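For reference, the structure discussed in these notes is given below.
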Amino acid sequence: MRDLERRQALRPQMERLAQLLASADGARIAGLLQDAQLFWRAMRVEEDDPPDDAPAPDSAAAGGRIGIWRANDAGALVREPAPEAWSRFADVAVIPPKGARRRVVLFGESVARGYFYDPVLTFAGAVEGHLRRHRDDIEVIDLASTGASADALVEMLGACDILRPDAIVVFAGNNWVLDRMPVLFRRRFLNAWLAEGAAAAQRLFFDELLAERVDEAIDACVDAAQRQKVPLIFVLPEFNLTGFTDCADSLVPALDADGPAGWMRLRDAAWAALARGEPDTCEARATEMLQLDHGLHPTAYRLLARCALARGEAARGYELLGRARDAQCGLPIELTPRCPAAVQQRVRMRSEADGFDLVDLPRCFAAVDQSPGRELFLDYCHLSLAGIERVARSVAAQLLHRLGGHPRPGQDRADGVADKVIQIAPIEATAHFLAGVHNAHVGAPMEIVSQRFDQALRICSDVGRTMLEFLDFRNRRKPDWMCASFDAACESPLVRRYLSSLPRPWQETLGDVPLFRALEQALERHGVDAVSPMEKVRRAQTGRSSARVSLLAFHGAPVLLASLRRSAFLACYQQQARFHLVADEPGPVRLQVTWRVPAGQPEAPATIRFNGVQVGAGAVRDRWSSVSVEVSGALVRAGTNDIEIHWPPCDGAPAQPERLELDGGWGIPPHVFHVFGELHRLTAEPSDRH
Amino acid sequence: MSTIVVGISAHFHDAACCVLRDGALIAAAQEERFSRVKHDPALPMRAFQYCLDEAGVAIDEIDCIGYYENPTRKLERQLWMGLPELPMASWSTRHLYDATRPERDMRDMLGFEGPIRFFDHHLSHAASSYYFSDFDDAAILTVDAVGEWATTTYGRARGGDIELFEEVEFPGSLGLFYSAITAYLGFEVNDGEYKVMGLAPYGRPRYVEELRKLVRLEDDGQFSLAMEYFDFLRGERMFSAALTELLGHPPREPESELTPFAMDLARSVQAVLEEVLLAKVNYLGQQVDSRNLCLAGGVALNCVAVRRLLRESRFERVFVQPAAGDAGACLGAAALAHRHVTGHPCRRGLAHLYWGPSFSADEIVEMLSDSTIRIEDFRGRGADMIAAVAGRLARGEVIGWFQGRMEFGPRALGARSILADPRLPHMRDRVNELVKKREGFRPFAPAVLQEHAAAHFDDRDPAPFMTRTCRVVSELDLPAVTHVDGSARLQTVDRATAPRFHELLTAFMNLTGCPVLLNTSFNLRGEPIVCEPLDALLCFIRSDLDALVMEDLVIERSSIPARWLERLRPAGAGPTRGVPHDVYTFF
């Protein structure tokens, strides 16, 4: 009761405090109070708890579990009955107890799985193949896991004693920029952003959080090796610097005032200069872009790299491409996996300090003058067969150096990956096909996507059947598992594994229309009838003639863009927003649009095009308004129709520091990209007007 | 120009959205049905989008959004509760202390630019009951765990005006009293209260004296809790060690065996709740000159207590908002917003609860086309479908029944239902084994043709929403829907509002002489009720239902492709244990 009485006495104060927290200053007050609590607690933890009080890293080992495997009484590790996790790990039901063979244990992420080739060909298998050319008594245990975070790596390394390794190989670092921000750091990050801007927040991310994360992961690697008194080989990842670009080039950084418009003009001028063969002009414009975006957008760096490479300055070009790769690391947006320079440098430093072996891919590739491009990679970071082969050879050589092993003349068996692939070209073709799909999902230009599909079909035309099956089930408005074509495609273990390891949003058809077109056109180029059959499928699925359909669910943005912010309306980050309507037959259509431009932007005209023809225009305000557009039946074709909304340019959008602070105060990350316009409704229905 | 008003409840549990056009309800749905997250508290973006689509309006046509509580007043109480820590303990709970969040979310996430009106939580509950009853004058009682400060309110309404004239403030809360015992019995708070009510008839009221010490009846409408027995102010537990000492038994571990103590405690808490409610309803009856009583708030979902109020209070007619929990409060907020915008009350009455999305047979066929599943297609032969399904039910099959617009609120009323023959002695266990996988002691509900209800149940009034219990007086033996104490939670089915369900019941009666079907919600344990055909299909595949009926289409279990079963059946899920047989003999 005394507690209740004390509380009752404080009720007026709580009422007043609630009113203050609900006021315009509320976020600021709450933020300060929370900062005080969080930092107080953090300081207490640091003072009161010695570092070795942290949870023991071998807690999993104590339970006899590592990854998806658990030790049984016979000393073997048996896969646990949780099939949803299996697709991220090696397709191995039982890891036998250690026998006479020397045992190498491989840890890593999707690159170390041999993504796209897995489970038929794996990186671990490639390493083992190379080792066995020289020694029979060696095995590689594959613990690499698609999507593994730094924390997951640390946990698995803590449990690796149960495998009794003779050497540990870790091929990781691509996912460390993607890991969750700890609560305390997130608060500091946002404070830095509010006080000094996004570049300062990013520096904090690189200098503190990422450095600490690398150290924790490396500490776990070194500890595991020291516990077992075995060599540690760390494979430092590289990025597809010259062969991959993502959708960011079509996005504009969220800058104050008329910054976005100025930045766009500079960007267009720079690309034009490059096209005219004027690298100096291009460089000047790109440098001005950097002054505006503070290096938080990759395009200026890419332009500068193109200039350097055009002049034959390869090292400088790669360095600039590295900066493009790193430009958006740590910002609150979706990224593809990558290993930024900050990670690479810290791992090198730790290798020297701790004395473990480093297979430094950036330097390995540079040493043989091999540009990190499409020969070595299938997408942003996943290796091609040639890449896997090359890295596996380096790792095997290092292992042989450490474990002892000498080539035995006449016994250099031809069981390397490349040798296998000559006999099983369908696997290589399927991997290229899946890589094309993957590239499309992450927003790579369709040129890159098409190259992958063409390459797949050149390697083995039989892959065309799988491509058609893929098109069939992805074009149907139903879950994949309901389609016979899905079952047929999943006869390929590569396809089955790739599709089952995708995160949920990637399994949806959000950005797939451009992908479908690239795939159909590639098939047509190789003599396979694809466009017409797939249009037929689409018409049968989506061409209900009497219904009103929302086009917002099937807009042409890549998955990464679609997941930037959660709302009941669509934020358009590109000036031209593309949508698709499938009609079962030609006929007039009515489009209904509810739209607006970002708050504070002046009223300006936007246009609507249907299959390239302007069908509507209207002034768009920073308040929702609705327009109805009649599209003549002559413009509507049976099958897929393209609808584009051209938003007004972004001149005059005012800065909203108060809003930024308010959002930041409540933990809402600021926009990184400029929003051109927003759509609450875009529907199409048959029209009775002719 | 029509007046379009949207009501929203969110950010605690059971988020929901509804839309009124010119004061008439057009659509209402809970977010969980779309997100498939049970009790989803998130801002109901999908439900909002559905409501706009169903009403055929764009966001710029909405005149006002009514929100179901006052965030600043709620924050006062939360800060007060959080003492001595100020103002928040962690980032993850920070949003609870953000009184600006509801408005910011509605602006930023829904994109709404127009006026937003915030109404007190219990006023929203009261409005959700009064405006959707067909009473012109009524006394109003709202009872739940807590809103802003109020946990119970007393009101009167006449001619479209509501006045709440008294309230009981937190921490005096009947909802939290019941929830604390729910937690003590090892059930989940905000979810397991129904289980306690269902368990109660198995026990004896041995702990009534002890539990009376927890709730002190005071003057007028007031009561208070003896806080030494509760811990919800400070800790993460609902009850304190003193309660264990008082009861002389430790709390039940979740999922553990249900002992006689658990049953007795359930019976006792139900008895004490009814006592307090009856006392306060009688007080309300003295204050308000009306024979009509409107009830809302989570406690109003206690249909056993509602029956007692109806029988023992001076009120002659009782209307319980069928979505009496927080989801239904969005209806009240919308009604109040409509009143605010137009100056007039919204249209009264609630003929049915079918306010969710529907899907045509053509759409379902389209979804299933090109797959290897076999469908019995009765399009254009609806009467044949009804006859076929009635025949299956009469043969003892358990059917997934998916028809028309989805229900709003926690009850399945023949749109998203699992149906079975209530006469078969084993049917309750069978339904549990096949699909529900829930505690075996919980009874299933009967749905009966309205015109035959009186012959089988002692309730003379229509009961379309399953909001109260009655006695089974049927000459038929209906073991699957009759609780251990001879009660049942009745739904009467009317031809005008549920024509297809009515047809099915009629066809079943013609075959069997029984106008009653077992009706339970179409979902697996721990999942929300199905919304779309795909949800129904997945539930069908993952359960062991004999057949699935969606509109005019019938799918037999044997026609599910083996691959689908292989891919989609969860590993290791099995039926839960029922009540052991000695429970029945013991009592």
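Every chain is numbered from 1 and lettered A, B, ... according to where its sequence line falls, protein lines coming before strand lines. Only a predicted model underlies this, so the values are computations on that prediction, with no experimental measurement involved.
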Proximity breakdown for [X] and chain A, heavy-atom pairs closer than 4.5 Å:
| X | answer |
| --- | --- |
| B/Arg73 | side chain |
| B/Ile62 | neither |
| B/Leu534 | side chain |
| B/Leu538 | side chain |
| B/Gln49 | side chain |
| B/Glu169 | side chain |

May I have the step-by-step check of salt bridge (charged side-chain N to carboxylate O under 4.0 Å, His left out) for B/Arg563 and A/Glu491, ending in yes or no?
CA-CA 12 Å; B/Arg563 283 234 189 208; A/Glu491 293 295 324; 2.9 Å; yes

Shorter than 4.5 Å, heavy atoms on both sides: which option in B/Asp362, B/Leu368, B/Ile373, B/Ile59 has the most such pairs with chain A?
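Of the candidates given, the most pairs with chain A belong to B/Ile59.
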
I need the residue from B/Pro71, B/Ser369, B/Pro171, B/Ala226 with the largest number of non-hydrogen atom pairs under 4.5 Å to chain A.
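Among B/Pro71, B/Ser369, B/Pro171, B/Ala226, the one with the most close pairs to chain A is B/Ser369.
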
Looking only at non-hydrogen atoms, find the nearest pair between A/Trp481 and B/Trp564 and report the distance.
O-NE1, 3.1 Å

Might you point out which heavy atoms bring A/Thr594 and B/Ala58 nearest each other, and give the distance in Å?
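Shortest heavy-atom separation between A/Thr594 and B/Ala58 comes out as OG1-CB, 3.4 Å.
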
Between A/Arg681 and B/Asp60, does any NZ, NE, NH1 or NH2 come within less than 4.0 Å of an OD or OE carboxylate oxygen?
no

[Y] side chain reached by [X] side chain, heavy atoms, under 4.5 Å:
| X | Y | answer |
| --- | --- | --- |
| A/Arg16 | B/Glu76 | no |
| A/Lys478 | B/Leu537 | no |
| A/Leu21 | B/Leu79 | yes |

So, A/Arg7 side chain and B/Trp80 main chain: donor-acceptor pair closer than 3.5 Å or not?
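Yes, A/Arg7 side chain to B/Trp80 backbone: donor-acceptor pair under 3.5 Å.
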
As a quick check of understanding, evaluate salt bridge (charged side-chain N to carboxylate O under 4.0 Å, His left out) for A/Arg596 and B/Glu113, giving each step before the final call.
CA-CA 11 Å; A/Arg596 70 180 179 187; B/Glu113 296 164 344; 2.7 Å; yes

Drop me the distance from A/Trp624's CH2 to B/Glu61's CD, to the nearest 0.5 angstrom.
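So the gap between those two atoms works out to 13.5 Å.
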
